[in-house]
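As structure tokens, the structure follows; a few thoughts come after it.
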Amino acid sequence: MARYAYVNGRYVDHREARVHIEDRGYQLADGVYEVVGVRDGRLIDEAPHLDRLDRSLKELRIGWPVARSTLSFVIRELMRRNRLRDGLVYMQVTRGVARRDHAFPTTAVKPALVLTTKNTKRLDLDPGAGIAIKSHPDIRWERCDIKTVALLPNVLAKQAARESGAYEAWLVDGEGRVTEGASTNAWIVTPEGELITRQTDSGILAGITRQTLKKLAGNLQLKFVERAFTLAEAKRAREAFITSATSFVTPVVRIDGDSVGDGKPGPAARRLREEYIRFAAAGELVT
Ligand code: PLP
């Protein structure tokens with residue numbers, strides 16, 4: 001079956017999909033993106049993802065490449081063409097194509113829009129064995145709240161994690177506090193039973209899964225607190241887990257080689273994963 005990508009108004013064969021070499025996303029990482037999860041042909045949390053896209057664009061003063069309703073249509077059309085059941089829709093907007101110069105183009109340039117989809121294995125209710133984390137210094141800029149395609153520090157952290165046998169990296173600031181994962185938000189459950197994730201400010205990306213889980217966590221007998229936690233605290237935690245549009249809720253069982261809790265996925269992470277998967281089942285059916 002042919003796989004399609006959407007590139008600036010056209011659905012094209014994924015293998016042939018191209019952008020111009022002077023696209024500012026390619027040369028300057030001058031662009032933003034979004035990833036929307038898909039489960040059983042249903043889009044998860046489309047509206048908040050598009051709200052965040054709108055915010056990222058505004059922060060960088062990039063215009064919408066098409067109307068929001070058109071983007072929603074393109075998302076669905078691409079899912080249909082690619083028969084996407086489980087996986088993700090990736091969308092990227094850059095400032096457009098212009099002669100290379102750091103400053104914004106002075107002539108009107110149309111923002112460039114690219115969408116792809118990716119099939120992934122359908123995530124089980126059962127999280128399996130859980131994942132290992134490797135800590136890594138957070139060397140990113142001070143606007144991590146913007147979902148930009150400038151991801152080199154995240155790339156290097158993720159690669160260091162993978163080379164050490166871990167699945168995800170947790171980024172640690174100068175004071176020893178975990179900010180977030182390379183591509184996920186970080187959570188712990190303290191020995192006292194508090195559910196903790198870092199407050200949202202310009203130091204992390206405000207995850208949409210994080211936001212939804214915050215609402216779902218109300219069903220659990222845990223006190224929810226938004227604050228920074230240190231790596232040392234995470235290692236002493238009863239449980240730890242990550243969240244994102246593609247990993248949903250995934251338990252963390254090791255941090256830098258040390259077991260978290262009893263080294264197995266804990267009850268809060270399991271329960272929240274189930275709640276999130278139930279929530280995903282209420283999304284709009286597309287394919
Ligand atoms: N933090 C970072 C740095 C990310 O790249 C992501 C997702 O890609 C997240 C957190 C999780 O955000 P979301 O739940 O919206 O996928």
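No hydrogens, no waters, no symmetry mates; every other heavy atom, side chains included, goes into these values. Counting convention: from 1, in listed order, for ligands and their atoms alike. This one's a predicted model, so the numbers in the text were calculated from it and none came from an experiment. The first residue in the sequence is number 1, and the count goes up from there.
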Flag side-chain contact, heavy atom, 4.5 Å: Cys144 against Thr179: no

Contacts of Glu163 meeting side-chain hydrogen bond (donor to acceptor under 3.5 Å, both in side chains) (sequence neighbours excluded), chain-then-number -> Gln159

Establish, yes or no, whether the cationic atom of Arg61 lies under 6.0 Å from the six-membered ring centre of Phe104 and within 45° of the ring axis. no

Partner of Leu272 under side-chain contact (heavy atoms from CB on, under 4.5 Å), chosen from Asn219, Thr243, Leu220: Leu220

With distance as the sole criterion, is a donor-acceptor pair present between the side chains of Tyr90 and Lys118 under 3.5 Å? no

Below 4.0 Å from any atom of ligand 1, which residues have a heavy atom? Give them in chain and number order, please. Tyr33, His49, Arg52, Lys147, Asn154, Glu180, Gly181, Ala182, Ser183, Thr184, Asn185, Leu205, Gly207, Ile208, Thr209, Thr243, Ser244, Ala245

Name the orientation class of the two ring planes belonging to Tyr11 and Tyr6 (parallel below 30°, tilted from 30 to 60°, perpendicular beyond 60°). perpendicular

